[in-house]
2 protein chains.
Amino acid sequence: VLECTGITKVYGSGAVAVQALAGVTARFLPGEFTAVMGPSGSGKTTFLQVLAGLDSPTSGSVVIRGRDITTMSDRELTDLRRDRVGFVFQSFNLIPTLTAEQNILLPLRLARREPDPGRLDDVVRMLGVQDRLDHRPAQLSGGQQQRVAVARALLTRPDLVFADEPTGSLDLSTGSALLDQLRTACRTLGQTIVMVTHDPHAATYADRVLLLADGRIRQELRAPDR
Amino acid sequence: VLECTGITKVYGSGAVAVQALAGVTARFLPGEFTAVMGPSGSGKTTFLQVLAGLDSPTSGSVVIRGRDITTMSDRELTDLRRDRVGFVFQSFNLIPTLTAEQNILLPLRLARREPDPGRLDDVVRMLGVQDRLDHRPAQLSGGQQQRVAVARALLTRPDLVFADEPTGSLDLSTGSALLDQLRTACRTLGQTIVMVTHDPHAATYADRVLLLADGRIRQELRAPDR
Ligand SMILES: Nc1ncnc2c1ncn2[C@@H]1O[C@H](COP(=O)(O)OP(=O)(O)OP(=O)(O)O)[C@@H](O)[C@H]1O
Ligand SMILES: Nc1ncnc2c1ncn2[C@@H]1O[C@H](COP(=O)(O)OP(=O)(O)OP(=O)(O)O)[C@@H](O)[C@H]1O
Ligand SMILES: [Mg+2]
Ligand SMILES: [Mg+2]
């Protein structure tokens with residue numbers, strides 16, 4: 001459902017150029033849960049942003065459901081992301097002036113679709129933020145903000161979910177519950193999940209782990225039974 | 001060097017009041033490294049902000065070097081924080097328009113003190129951000145931003161260091177190196193460190209762990225040899 005070939009990404013130019021990705025090729029199947037791990041600064045966030053069409057690679061192609069997104073117009077890309085992609089950002093990117101509930105519903109409103117109140121209720125209860133819906137981000141703890149960002153990404157059940165360290169601000173039991181829900185969404189809804197994590201425990205919920213270092217995939221690890 | 005007695009903190013009022021802290025009493029000694037753990041939303045960030053004088057408690061007192069900070073004027077509190085306290089925020093709070101280096105030097109500049117170039121160089125190399133000093137926060141990875149925030153807090157070797165999940169965005173080896181440096185600063189410089197963490201591995205670097213739940217300290221754990 002998603003593949004990338006020969007992705008490179010260079011930031012800046014000349015003496016201060018940073019080669020964030022140096023040739024990455026990968027395929028992601030329906031229902032597959034992939035973890036991406038690697039040292040700080042190895043290119044994981046850049047990788048996710050290029051795969052999700054939030055940033056363009058310097059070279060290489062990204063194909064989603066048969067279409068090369070690197071050649072799409074801005075308009076087509078925006079529509080595709082709105083309909084097919086959920087993204088949990090490493091620093092959450094919540095709108096400070098909106099409440100938690102408004103933040104969660106925002107992508108749906110932008111798509112001019114009606115929220116399904118039953119679905120909203122399920123998602124917020126699943127993430128344990130049901131009694132913080134009228135708080136703004138500044139009135140939430142770090143872990144509550146993170147869970148609101150996850151709810152926003154999962155609400156519409158998008159085909160592709162990109163999660164950049166979704167349990168980084170959560171205690172072990174809240175984080176494990178979230179990872180369980182992600183894995184279930186893969187199994188039962190056929191969603192494709194790509195999750196960056198620094199936490200080896202979180203990686204155990206995935207079907208495979210891609211190890212990134214210096215902008216390249218060094219190794220792919222798979223548990224024996226998957 | 002630091003103690004708090006009967007700290008409560010209520011946000012909001014009436015039907016939407018949130019009791020973030022419900023009576024916390026604790027003492028912190030020179031050279032002591034304390035970890036604070038607990039579920040998401042249990043009051044850890046609120047606790048740190050009250051201890052550091054960044055927020056005022058609803059009731060109770062906080063005494064730093066014999067002075068009750070809850071009765072200080074804003075001016076005295078600002079001076080005390082500037083001279084005695086380093087704070088690493090859960091969401092870093094870097095200034096987006098300044099470079100990494102400018103962010104790290106900012107507290108010193110505000111105190112109208114001259115940076116010691118040797119000290120700056122030591123701190124940035126210790127945290128591995130020496131070749132990102134002219135990047136602005138948006139041009140840094142999540143873990144690099146976190147390390148810049150830590151450098152800013154440690155530069156002046158303050159007596160009291162409050163760190164809100166300082167390794168949340170770091171891979172295991174970068175995080176372990178940082179924790180090692182924090183522990184060394186306690187042992188050799190006599191700094192007092194209070195670190196919120198969700199990571200049990202990070203807690204092993206501390207002398208003791210305070211477990212917070214529902215705004216109270218439930219338990220104190222100490223390793224046998226400390
Ligand atoms: N300005 C505010 N107004 C209302 N409630 C608030 C405000 N700030 C925090 N809270 C609430 O106070 C409680 C404690 O928040 P705090 O940020 O201290 O938790 P925490 O233990 O640091 O959590 P985490 O591990 O998720 O960072 C949370 O339930 C939060 O929703
Ligand atoms: N806009 C930019 N301009 C210049 N360099 C950048 C920019 N954005 C990122 N970088 C650099 O690209 C490299 C990869 O960054 P990226 O955010 O992908 O790392 P990461 O693996 O997600 O790290 P972390 O685990 O710390 O979040 C880093 O060395 C970073 O400094
Ligand atoms: Mg990142
Ligand atoms: Mg917190």
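In the text below, chain A, chain B and the rest are named by the order of the sequence lines, each starting its count at 1.
- Residue B:Arg218 qualifies as enclosed at atom CZ: its count of foreign heavy atoms under 6.0 Å is above 12.
- We find the NE2-CG distance between B:His198 and A:Leu170 to be 6.5 Å, quoted to the nearest 0.5 Å.
- When each of B:Gly12, B:Gly128, B:Gly143, B:Ser40 is checked for heavy-atom pairs under 4.5 Å with chain A, B:Ser40 comes out on top.
- The neighbour count for B:Arg82 CZ, taken as heavy atoms of other residues, nucleotides or ligands under 6.0 Å away, is above 12.
- Only the side chain of A:Ser141 comes within contact range of chain B, judged by heavy atoms closer than 4.5 Å.
- Looking at B:Asp131, there are no atoms closer than 4.5 Å to chain A (heavy atoms on both sides), in backbone or side chain.
- Ranked by heavy-atom pairs shorter than 4.5 Å toward chain A, the options B:Gly41, B:Gly168, B:Ser169 are led by B:Ser169.
- Neither the backbone nor the side chain of A:Ser91 has a heavy atom closer than 4.5 Å to any heavy atom of chain B.
- Chain B forms the most heavy-atom pairs under 4.5 Å with one residue out of A:Gln145, A:Lys44, A:Arg147, and that residue is A:Arg147.
- Of the two parts of A:His135, only the side chain, counted from C-beta on, holds a non-hydrogen atom closer than 4.5 Å to a non-hydrogen atom of chain B.
- Taking a 6.0 Å sphere around CG of A:Asp214, one finds it holds 12 or fewer heavy atoms contributed by other residues, nucleotides or ligands.
- For chain A, the nearby part of B:Gln90 is the side chain; its heavy atoms alone come within less than 4.5 Å.
- The number of heavy-atom neighbours closer than 6.0 Å to CG of B:Asn93, taken from other residues, nucleotides and ligands shown, is above 12.
- Rounded to the nearest 0.5 Å, atoms CE (B:Met37) and CG (A:Leu172) are 8.5 Å apart.
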